[in-house]
Amino acid sequence: MDIKIEQLTTEQTKPVPTEFQFGRTFSNRMYTCHYDPDKGWYDPKIGPYRPLVLDPATSVFHYSQEIFEGLKAYKRPDGHINLFRPWENAARFNRSAERMSMKTVDAEEHVQAIASLVELEHEWIPSGDGTSLYIRPAMIATDPFLGVAASKTYLHYIIVGPVGNYYAEGMAPVGVLISDDYRRAVRGGTGAAKTGGNYSASLIASEKAKEKGYTQVLWLDAIHGKFVEEVGTMNIMFVYEGEKIVTPKLTGSILPGVTRDSLLTLAPDLGYEVSEEEIEVDQMLADVKSGKITEVFGCGTAVVVSPVGWFGYRGENVDVNHRKMGPISQHLYDALTDIQFGRAKDPYGWTMKIEV
Ligand code: COI
């Protein structure tokens with residue numbers, strides 16, 4: 001399918017801002033494509049960034065049949081652009097679509113839509129340290145119908161915007177409250193899909209954690225309430241004795257993160273052992289206290305690597321690495337961002353270069 005590119009009017013062309021905030025600043029254009037059972041996917045278009053006008057009965061507003069993705073475009077030292085693992089994001093987008101009874105997209109066309117939008121909006125890619133263009137593909141159910149059933153029509157769209165640090169703290173280690181009261185996801189549920197409901201269901205726990213002075217929540221498994229699953233909106237990794245990186249194995253309720261997968265691939269080539277295991281919370285805290293666990297960090301597209309400074313659990317605080325970012329977290333962050341930004345060779349074929 002050829003993407004129709006609409007010309008922007010002068011009013012639709014705002015200048016690229018010098019200041020921006022994660023998720024609040026968006027470029028001038030967006031991609032849209034519609035689905036209905038007769039036509040399949042139709043009318044792929046890059047046009048002005050604009051509000052969507054939807055009937056108040058539209059099913060996404062009531063039953064949350066929606067999915068999204070997050071990936072980034074980076075300014076390379078040679079002035080060209082890198083997309084990082086857009087194919088993995090497209091594949092996960094389609095897995096999420098299947099889980100949510102939505103229509104899958106053609107992965108090649110999805111990646112092409114991202115590449116075309118990023119190329120048109122390349123001036124919006126910031127070049128400051130650690131900055132990039134965040135790409136947010138989404139799909140929503142658009143039937144104006146209150147019956148609880150899979151929608152017959154969908155809107156697939158992509159927006160982009162310049163971003164810096166996701167957290168106000170930047171890369172400073174954050175406090176994490178281990179949640180005893182709330183669970184993020186359960187096996188058989190939607191935890192492995194990138195769908196809004198997982199995130200809205202998490203808000204009450206993170207709001208309560210913030211009231212107590214923590215930045216994030218550590219999620220335990222919903223069946224036993226004892227195995228570590230995720231931290232905030234990220235996967236979590238533990239460094240044992242300064243050399244072995246351990247992360248919870250995917251159980252169906254954990255989101256299979258692209259950054260998680262990238263670090264598990266990259267770390268052995270940097271000389272670290274990696275392993276995916278069941279991590280029991282009491283043992284983990286004992287290992288932090290004894291110094292066996294030397295570093296803990298969250299990993300995701302938005303932050304890349306986000307160190308955990310301390311855990312709060314049942315009224316006690318346990319510090320990790322004296323609340324400082326550790327050398328292995330820093331090493332992994334540097335090695336991965338060097339590939340993402342095109343400062344280092346990419347032996348894994350993860351980057352898609354766009355020449356501008
Ligand atoms: C990530 O990239 O780590 C996320 O999932 C955060 C996003 C929902 C803003």
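Just so you know, these numbers use all the heavy atoms, side chains as well, and skip hydrogens, waters and symmetry mates. Computed from a prediction, not measured in an experiment: that's the story for all the values here. Atoms within a ligand are numbered from 1 in the order they appear, just like the ligands themselves.
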Enquirer: If you draw the axis of the six-membered ring of Tyr42, does the NZ or CZ of Lys39 fall within 45° of it and under 6.0 Å from the ring centre?
Expert: yes
Enquirer: Evaluate the ring planes of Trp41 and His156, with Trp represented by its six-membered ring, and classify them as parallel (under 30°), tilted (30 to 60°) or perpendicular (over 60°).
Expert: perpendicular
Enquirer: Output the rest of the hydrophobic cluster of Ile114: all Ile, Leu, Val, Met, Phe, Trp and Tyr residues reachable through side-chain heavy-atom contacts under 4.5 Å, sorted by chain and number.
Expert: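 Under the 4.5 Å side-chain rule, Ile114 groups with Ile3, Ile5, Val16, Tyr31, Ile46, Leu71, Ile81, Leu83, Trp87, Val111, Leu117, Val118, Leu120, Trp124, Ile125, Leu133, Ile135, Ile158, Val160, Met352, Ile354, Val356.
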Enquirer: State whether the side chain of Glu273 and the backbone N or O of Glu243 hold a donor-acceptor pair below 3.5 Å, judged by distance alone.
Expert: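 No; zero donor-acceptor contacts below 3.5 Å.
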Enquirer: N or O contacts of ligand 1 with protein under 3.5 Å, please list pair by pair.
Expert:
| unit_1 | atom_1 | unit_2 | atom_2 | d |
| --- | --- | --- | --- | --- |
| ligand 1 | 2 (O) | Thr301 | N | 3.2 |
| ligand 1 | 2 (O) | Ala302 | N | 2.8 |
| ligand 1 | 5 (O) | Lys194 | NZ | 2.9 |

Enquirer: Should the ring pair Phe93 and His110 be called parallel, tilted or perpendicular, given that the plane angle runs from 0 to 90° and is split at 30 and 60?
Expert: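 Parallel, since the angle between the ring planes stays under 30°.
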Enquirer: In terms of relative ring orientation, are His224 and Phe227 parallel, tilted or perpendicular, with 30° and 60° separating the classes?
Expert: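 Perpendicular: the ring planes of His224 and Phe227 meet at over 60°.
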